[in-house]
Visitor: 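I'd like to ask some things about the structure below.
We're numbering straight along the sequence, starting at 1.
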Amino acid sequence: MTVDLALYQPDIAQNTGTLLRLGACLGVVVHIIHPTGFPFSRQSLRRAGLDYLDHVEFIEHVSFAAFDAWRREAGRRLVLLTTKASDSTYTAAYARNDILMTGRESAG
């Protein structure tokens, strides 16, 4: 099991595509938590994800509640990434089963 990345209700298709490319390059599973701020489909992400979409594993969750139920059942720890944290991302201790979550771009 490895660290996963979760995108909570992403607003911008280009940012989502960038993180999907990151997932493809690093072999990281990306969780998309709906609703998104754009029509979410392979077609809408094709431009932002370039040719990487065929190489990334992503899992869609219909809501945070559905994602959280899945996460708890899987015994995965949720790590929230925020610019308002008192601890640095660089000094935090991560575990192999962690899921790193980013929030909506419009929420800061």
Side-chain angles (χ1 to χ4, degrees):
M1 194 175 311
T2 63
V3 171
D4 288 2
L5 177 63
L7 312 181
Y8 175 77
Q9 299 180 352
D11 289 330
I12 302 170
Q14 292 83 352
N15 292 349
T16 301
T18 298
L19 292 173
L20 288 170
R21 288 194 312 269
L22 177 70
C25 291
L26 298 178
V28 171
V29 175
V30 179
H31 299 264
I32 307 294
I33 302 168
H34 288 277
T36 60
F38 56 93
F40 187 85
S41 68
R42 283 197 169 275
Q43 185 63 27
S44 69
L45 293 172
R46 183 62 54 196
R47 183 172 181 203
L50 303 173
D51 294 331
Y52 292 84
L53 289 182
D54 296 331
H55 305 286
V56 64
E57 179 181 352
F58 67 89
I59 301 169
E60 295 180 68
H61 302 274
V62 297
S63 65
F64 179 77
F67 165 78
D68 200 43
W70 170 87
R71 178 190 67 80
R72 289 174 187 273
E73 178 69 26
R76 307 286 300 269
R77 182 176 79 150
L78 183 60
V79 178
L80 304 177
L81 302 178
T82 175
T83 59
K84 298 175 178 41
S86 57
D87 295 332
S88 169
T89 298
Y90 303 109
T91 60
Y94 300 103
R96 293 182 61 83
N97 67 336
D98 285 351
I99 300 174
L100 308 180
M101 178 181 278
T102 64
R104 292 189 327 248
E105 297 93 338
S106 63

Visitor: Applying side chain to side chain contact (heavy atoms under 4.5 Å, CB included) to L20 and L53, what does each step give before you reach the verdict?
Guide: CA-CA 7 Å; L20 288 170; L53 289 182; 3.7 Å; yes
Visitor: Between atom CD of Q14 and atom CZ of F38, what is the distance when rounded to the nearest 0.5 Å?
Guide: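 Result: 8.5 Å between the selected atoms.
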Visitor: Quick one: are F58 and L7 in side-chain contact, heavy atoms under 4.5 Å?
Guide: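 They are not in side-chain contact.
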Visitor: Treating Ile, Leu, Val, Met, Phe, Trp and Tyr as nodes and any side-chain heavy-atom pair under 4.5 angstrom as an edge, say whether L81 and L78 lie in one connected cluster.
Guide: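 In one cluster: no.
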Visitor: Hey, quick one: are L22 and I33 part of the same hydrophobic cluster, counting side-chain heavy atoms closer than 4.5 Å, chains of contacts allowed?
Guide: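 As far as the 4.5 Å side-chain criterion goes, I33 and L22 are not connected within one cluster.
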Visitor: Determine yes or no for a side-chain-to-main-chain donor-acceptor pair under 3.5 angstrom, with Q9 supplying the side chain and R104 the backbone.
Guide: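 Looks like no, no N/O pair under 3.5 Å.
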Visitor: Does Y94 belong to the same Ile/Leu/Val/Met/Phe/Trp/Tyr cluster as I99, with side-chain heavy atoms less than 4.5 Å apart forming each link?
Guide: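 No: no chain of side-chain contacts under 4.5 Å links Y94 to I99.
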Visitor: Just one of M101, H34, H31 clears the side-chain contact (heavy atoms from CB on, under 4.5 Å) bar with Y8, so which one?
Guide: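 Of the listed residues M101, H34, H31, the side-chain contact (heavy atoms from CB on, under 4.5 Å) partner of Y8 is M101.
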Visitor: For H61 and I59, run side chain to side chain contact (heavy atoms under 4.5 Å, CB included): C-alpha distance rounded to whole Å, both residues' side-chain angles, the deciding distance at 0.1 Å, then the answer.
Guide: CA-CA 7 Å; H61 302 274; I59 301 169; 3.6 Å; yes
Visitor: Which atom names give the shortest non-hydrogen contact between I32 and P10, and what distance separates them?
Guide: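 Looks like CG2-CG, 4.4 Å.
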Visitor: Can you tell which of V79, D4, L80 makes a side-chain contact (heavy atoms from CB on, under 4.5 Å) with L100?
Guide: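 Result for side-chain contact (heavy atoms from CB on, under 4.5 Å) with L100: V79.
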Visitor: Can you hop from V29 to V3 via hydrophobic side chains spaced under 4.5 Å?
Guide: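 No, V29 and V3 fall in different hydrophobic clusters.
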Visitor: Could you check whether any side-chain N or O of N97 sits under 3.5 Å from a backbone N or O of G75, counting only pairs where one atom can act as donor and the other as acceptor?
Guide: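 Yes; judged by distance alone, with no hydrogens or angles, the pair exists.
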Visitor: Rounded at 0.5 Å granularity, tell me how far CG in L5 sits from CG in D98.
Guide: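 Separation between the atoms: 12.0 Å.
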Visitor: Tell me, please, which residues at least two apart from D68 pass side chain to side chain donor-acceptor pair (under 3.5 Å).
Guide: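 Side chain to side chain donor-acceptor pair (under 3.5 Å) check on D68 returns R71, R72.
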Visitor: How many angstroms lie between CD1 in I12 and CG in L19, if you round to the nearest 0.5 Å?
Guide: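 Taking CD1 in I12 and CG in L19, the distance rounds to 11.0 Å.
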Visitor: What pair of heavy atoms forms the shortest contact from T2 to R76, and how long is it?
Guide: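 Distance-wise, the nearest heavy atoms are O-NH2, 2.9 Å.
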Visitor: Would you sort out whether T36 and T16 count as a side chain to side chain contact (heavy atoms under 4.5 Å, CB included), showing the intermediate values?
Guide: CA-CA 10 Å; T36 60; T16 301; over 6 Å; no
